Amino acid sequence: MDPNTGRSRGFGFILFKDAASVEKVLDQKEHRLDGRVIDPKKAMAMKKDPVKKIFVGGLNPEATEEKIREYFGDFGEIEAIELPMDPKLNKRRGFVFITFKEEEPVKKVLEKKFHTISGSKCEIKVAQPKEVYQQQQYGSGGRGNRNRGSRGSGGGGGGGQGSTNYGKSQRRGGHQNNYKPY
C-alpha cells in the first residue's frame, strides 16, 4: 500500500509452501486477476549487509566498559563499544551499542532476547541505522502515530537509538508497518 494515499501500489507478494507451486505459476502462459492480465515473477531476495552491531537496552549506567567488554567478548571479537552520554546530566545513558568484527557473534547473542549484565536484565536488539530509527520515530507523511504514546520528547514510534524511549513500546494507537518491499 502507498503510505500517503492508502491505495494499492499495484503489486503483492505470495509465499508458497512448496517451491514447485512457483514453477507452476510461472509455467502458465497468461494470468488474469479481477479482469486484468497480471505478470507474475519470481521474487528475488535483497542483498543484506552483514549485521554486526547490537543495541543493549536496560543496562545499568554504572556498568563499566570493562565488564561490558568481558561479557560480550565471550561471544566474539568486539570492534567497538559506544557508551552514550546524557549531555544534560553528564552521565552515561542506560544503553550501549556494540559492534562485533563478524556477524556470527551477533547471531549467538540474539539467541536470547534478555541477558543479565552487571546485575541488570538487558534487552538485546539489532541496532538500526539512525535514518531507520528516525523514520520509525517520526513516521513518513504524518500517518497518525506522531506524538502518540510518547514519553517526553522524541515522538511516538517504537522508541529508538538516542532517545530515552528506546526499547519501550507505544502505549496506544498508531500501528507500525515496518515491511518495505524495497
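Since this is a predicted model, take the numbers as computed values, not measurements.
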Check Lys91 with Glu62, please: is the shortest side-chain N to carboxylate O separation under 4.0 Å? no
Quick check: closest heavy atoms across [X] and [Y], and the distance to 0.1 Å?
{"X": "His115", "Y": "Ile124", "value": "CD2-CG1, 3.2 Å"}
{"X": "Val56", "Y": "Ile54", "value": "CG2-CD1, 4.0 Å"}
{"X": "Lys52", "Y": "Glu103", "value": "CG-N, 4.2 Å"}
{"X": "Phe95", "Y": "Pro84", "value": "O-CD, 3.3 Å"}
{"X": "Leu83", "Y": "Ile81", "value": "CD2-CG2, 3.8 Å"}
{"X": "Glu23", "Y": "Lys42", "value": "OE2-NZ, 3.2 Å"}

Report yes or no: do [X] and [Y] belong to one cluster of Ile/Leu/Val/Met/Phe/Trp/Tyr joined by side chain heavy-atom distances under 4.5 Å?
{"X": "Met85", "Y": "Ile98", "answer": "no"}
{"X": "Leu15", "Y": "Phe13", "answer": "no"}
{"X": "Phe114", "Y": "Tyr71", "answer": "no"}

Any chance [atom1] of [X] has more than 12 other-residue heavy atoms, nucleotides or ligands included, within less than 6.0 Å?
{"X": "Glu102", "atom1": "CD", "answer": "no"}
{"X": "Gln28", "atom1": "CD", "answer": "yes"}
{"X": "Glu66", "atom1": "CD", "answer": "no"}
{"X": "Arg32", "atom1": "CZ", "answer": "yes"}

Exercise. Stepwise, does the side-chain contact (heavy atoms from CB on, under 4.5 Å) test hold for Ile68 with Leu59?
Worked result: CA-CA 10 Å; Ile68 297 165; Leu59 182 67; 3.5 Å; yes
Test Glu123 against Lys113 for side-chain contact (heavy atoms from CB on, under 4.5 Å), laying out the working first. CA-CA 6 Å; Glu123 184 176 8; Lys113 184 172 182 168; 2.8 Å; yes
In this structure, CD of Glu104 is separated from NZ of Lys107 (nearest 0.5 Å) by 5.0 Å
* Any sub-3.5 Å donor-acceptor pair from Arg92's side-chain atoms to Ala63's backbone N or O? -> yes
Is it true that a side-chain atom of Ser120 and a backbone atom of Asn60 form a donor plus acceptor pair closer than 3.5 Å? yes
message: Gln128 vs Lys53, test: side-chain contact (heavy atoms from CB on, under 4.5 Å). Steps then yes/no.
response: CA-CA 8 Å; Gln128 298 291 326; Lys53 189 173 184 177; over 6 Å; no
Handout entry: Aromatic ring pairing Phe72/Phe75, orientation class (parallel under 30°, perpendicular over 60°, tilted between)
Key = tilted
